[in-house]
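The next block holds one structure in the form of structure tokens; read it before the comments.
Residue indices begin at 1 and follow the sequence shown. Whatever order the structure lists them in is the order used to number ligands and atoms, beginning at 1.
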Amino acid sequence: TAAASTSSATLKALGLDSFNLGVYNGEWSGNGSIVETTNPATGEVLGAVQQASAQDLDQTLQKASKAAKMWRSVPAPKRGEVVRKMRNALNDKIEPLGRLVALEMGKILPEGIGEVQEYIDIADYAVGLSRMLNGQVIPSERPGHAMMEVWNPLGVVGVISAFNFPVAVYGWNSALSLVCGNSVVWKGSPTTSLTSVAVTKILAEVLESNGLPGALCSLACGGADIGNAIAHDKRVNLVSFTGSTKTGRDVATVVQKRFGKHILELGGNNAIIVHKDADIDLAVRSILFAAVGTAGQRCTTTRRLFLHEDIHDTFIERLIKAYGQIKVGNPLHPGVLCGPLHTEAAVQAFEQGISDVTAQGGKILHGGRALKDMPGNFVEPTITSIAHDAPVVHREIFAPILHTIKFSNLPEAIEWNNEVGQGLSSSLFTTSPENIFHWIGPAGSDCGIVNVNIPTNGAEIGGAFGGEKETGGGRESGSTSWQQYMRRQTCTINYSGQLPLAQGIKFE
Ligand code: NAD
């Protein structure tokens with residue numbers, strides 16, 4: 001069929017076969033279980049990947065530790081040169097890799113390609129950063145002493161990532177880890193194993209053709225078993241985990257117990273507040289993209305919408321009209337804005353969510369059904385009307401369900417924005433400077449991402465990305481996020497030939 005030939009041409013363009021090995025550490029292997037991944041829009045089996053066994057992981061960590069010892073002594077700008085080559089290699093494959101993301105994860109093609117672009121962008125950023133891993137010089141209180149901060153590599157960074165961003169999240173972590181002088185061991189989601197293999201093949205070729213150890217970008221495909229083993233292993237100096245709050249809590253506890261470092265990027269329950277003075281056109285368009293894009297499967301998807309009572313009714317009317325025009329279907333077909341959910345289990349979670357809404361006193365204003373007559377895991381983009389404190393509203397349902405809630409003043413809406421466990425992203429639509437500065441100030445949003453007149457999703461790589469509370473507190477990508485991939489050392493150098501002690505202490 002046409003679909004099968006698209007997928008086999010895509011695999012071929014990326015050097016993949018119908019059967020692939022899922023472990024890379026300079027050499028390809030794989031002795032664990034064989035996982036077949038499927039296209040969530042059609043149910044078609046795309047290909048198989050043999051995952052890592054416990055021994056495969058052990059050997060991979062050994063090689064990654066060894067590679068890190070060599071890599072840490074390569075000057076950072078030279079490390080940046082290698083990342084620049086990776087960036088170019090990714091750019092050469094942007095179309096087939098974006099297409100594989102669409103086929104395997106289920107997001108629409110422009111979003112699949114956008115995800116590879118995000119990796120390219122962070123690689124550019126990392127190349128520049130490789131000349132700016134600056135410490136600082138601090139005035140010493142002692143005469144003839146110099147005090148400074150020096151940043152050194154950590155060693156091995158383990159990256160455990162979620163299904164919904166099977167390229168970009170690894171990209172953020174690997175590009176920064178590499179310029180910071182670390183090796184990386186990646187375990188992606190088992191249901192996007194082909195994408196993990198495809199990305200690693202691109203990087204492996206760059207490393208090998210430059211005479212560098214392939215283990216700098218190691219891959220150990222697997223499920224909870226391999227993720228758990230990475231969390232436990234002392235050789236992994238930093239575990240960067242992206243996934244649900246539930247799994248993140250377990251992983252963080254394990255890593256903390258051995259005093260390893262961790263970065264947590266967990267679930268969100270993001271809200272948009274539309275004030276009465278907002279540009280309504282802008283707000284409707286923003287919400288459509290933020291609530292329905294990626295079929296509601298972004299950590300930054302808008303799940304709660306607070307509407308000022310003065311504009312509430314007309315806004316809902318316009319939103320329902322806009323929802324009526326969304327095309328749900330195969331993410332590779334032009335014009336489709338909403339692809340499938342990633343798994344059948346996600347469709348069940350959607351249906352459970354809908355029945356909880358009605359059981360908890362809410363109403364379905366639009367959608368609400370799983371589209372069982374379609375071949376894949378499709379659901380209707382849904383709008384509800386419900387109380388701000390209904391338990392279902394406080395839960396992250398990874399599907400396109402948007403809860404709408406009426407408010408009467410901004411402090412109330414902010415309180416509701418902040419009352420959930422998660423603290424990832426938030427937006428306010430308003431034209432008043434007073435509201436804007438209230439929103440970004442100490443009594444405003446408690447989230448890691450605080451926007452005005454743009455939606456909750458679609459972050460740029462230049463800023464630090466992440467959230468507070470049950471979202472885990474981690475920050476990735478831009479700003480000072482790179483510092484988490486290094487060790488900070490405070491160095492005091494005495495060039496005076498005397499021994500003055502700090503705090504004026506005399507000890508003689
Ligand atoms: P998940 O928690 O089910 O899985 C995430 C990863 O953890 C996968 O690779 C999985 O195999 C692995 N894993 C499972 N059990 C493990 C264990 N015991 N020890 C170690 N690893 C284990 O999440 P998911 O369904 O793949 O992804 C969706 C979730 O990810 C949502 O909650 C979403 O909000 C969140 N997410 C957050 C961000 C962010 O930046 N904050 C980004 C993307 C996704």
Against heavy atoms of [X], which atoms of ligand 1 measure under 4.0 Å?
| X | value |
| --- | --- |
| Val251 | 19 (N), 20 (C) |
| Asn164 | 43 (C), 44 (C) |
| Ile160 | 6 (C), 7 (O), 9 (O), 12 (C), 21 (N) |
| Gly227 | 19 (N), 20 (C), 21 (N) |

Using a 4.0 Å heavy-atom cut-off, say whether [X] meets ligand 1 through its side chain, its backbone, both or neither.
| X | value |
| --- | --- |
| Ala231 | neither |
| Thr242 | both |
| Lys246 | neither |

Just distances here: any N/O of [X] and N/O of ligand 1 closer than 3.5 Å?
| X | answer |
| --- | --- |
| Leu266 | yes |
| Thr247 | yes |
| Thr245 | no |
| Phe163 | yes |
| Lys187 | yes |
| Glu265 | yes |

Using only heavy-atom distances, determine whether the side chains of Ser174 and Tyr119 contain a donor-acceptor pair under 3.5 Å.
->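 Yes, side-chain donor-acceptor contact under 3.5 Å.
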Give a yes-or-no answer on whether the side chains of Asp56 and Ser53 include a donor-acceptor pair shorter than 3.5 Å.
->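 Yes, side-chain donor-acceptor contact under 3.5 Å.
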Is the closest basic N to carboxylate O distance between Glu351 and Lys372 below 4.0 Å?
->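 Looking at Lys372 together with Glu351, the answer is yes, because their closest N to O distance falls below 4.0 Å.
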Would you call Arg235 and Asp58 a salt bridge, taking side-chain N to carboxylate O under 4.0 Å as the test?
->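 Counted as a salt bridge, because a side-chain N and a carboxylate O are separated by less than 4.0 Å.
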Knowing that exactly one of Ser161, Ser240, Ser177, Ser196 qualifies, which makes a side chain to side chain donor-acceptor pair (under 3.5 Å) with Trp186?
->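 Answer after filtering Ser161, Ser240, Ser177, Ser196: Ser161.
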Any heavy atom of Gly188 sitting closer than 4.0 Å to ligand 1?
->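 Yes, Gly188 has heavy atoms under 4.0 Å from ligand 1.
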Do any heavy atoms of Asp250 fall under 4.0 Å from ligand 1?
->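 Distance cut 4.0 Å: Asp250 fails for ligand 1.
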Answer yes or no: are there more than 12 heavy-atom neighbours, outside Glu415 itself, under 6.0 Å from its atom CD?
->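 Not more than 12 within 6.0 Å, no.
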Side chain to side chain contact (heavy atoms under 4.5 Å, CB included) between Ser18 and Leu11, intermediate numbers included = CA-CA 8 Å; Ser18 53; Leu11 294 193; 5.5 Å; no
Options [options], ranked by nearest heavy atom to [atom], top entry:
| atom | options | answer |
| --- | --- | --- |
| atom 32 (O) of ligand 1 | Arg249, Glu396, His232 | Glu396 |
| atom 36 (N) of ligand 1 | Cys299, Gly268, Gly467 | Cys299 |
| atom 6 (C) of ligand 1 | Gly243, Ser161, Ser189 | Ser161 |
| atom 2 (O) of ligand 1 | Ala168, Ser425, Ser244, Pro190 | Ser244 |

NZ or CZ of Lys201 within 45° of Tyr24 ring axis and under 6.0 Å |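 The answer is no, since Lys201 fails at least one limit relative to Tyr24.
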Check step by step if ring-ring contact (aromatic ring centres under 6.0 Å, His included) holds for Phe465 and Trp172.
-> CA-CA 10 Å; Phe465 181 94; Trp172 293 351; 4.9 Å; yes
About how many Å separate CD1 of Ile272 and CG of Asn457, when rounded to the nearest 0.5 Å?
->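 Answer rounded to 0.5 Å: 7.5 Å.
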Do the rings of Phe163 and Phe398 sit parallel, tilted or perpendicular, given the 30° and 60° boundaries?
->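 The rings of Phe163 and Phe398 stand perpendicular, inter-plane angle above 60°.
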Short check: is a protein heavy atom less than 4.0 Å from atom 4 (O) of ligand 1?
->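 There is no protein heavy atom less than 4.0 Å from atom 4 (O) of ligand 1.
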Side-chain (Gln51) to main-chain (Val49) donor-acceptor, under 3.5 angstrom =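 Indeed, once roles are kept as given, a pair shorter than 3.5 Å links the two residues.
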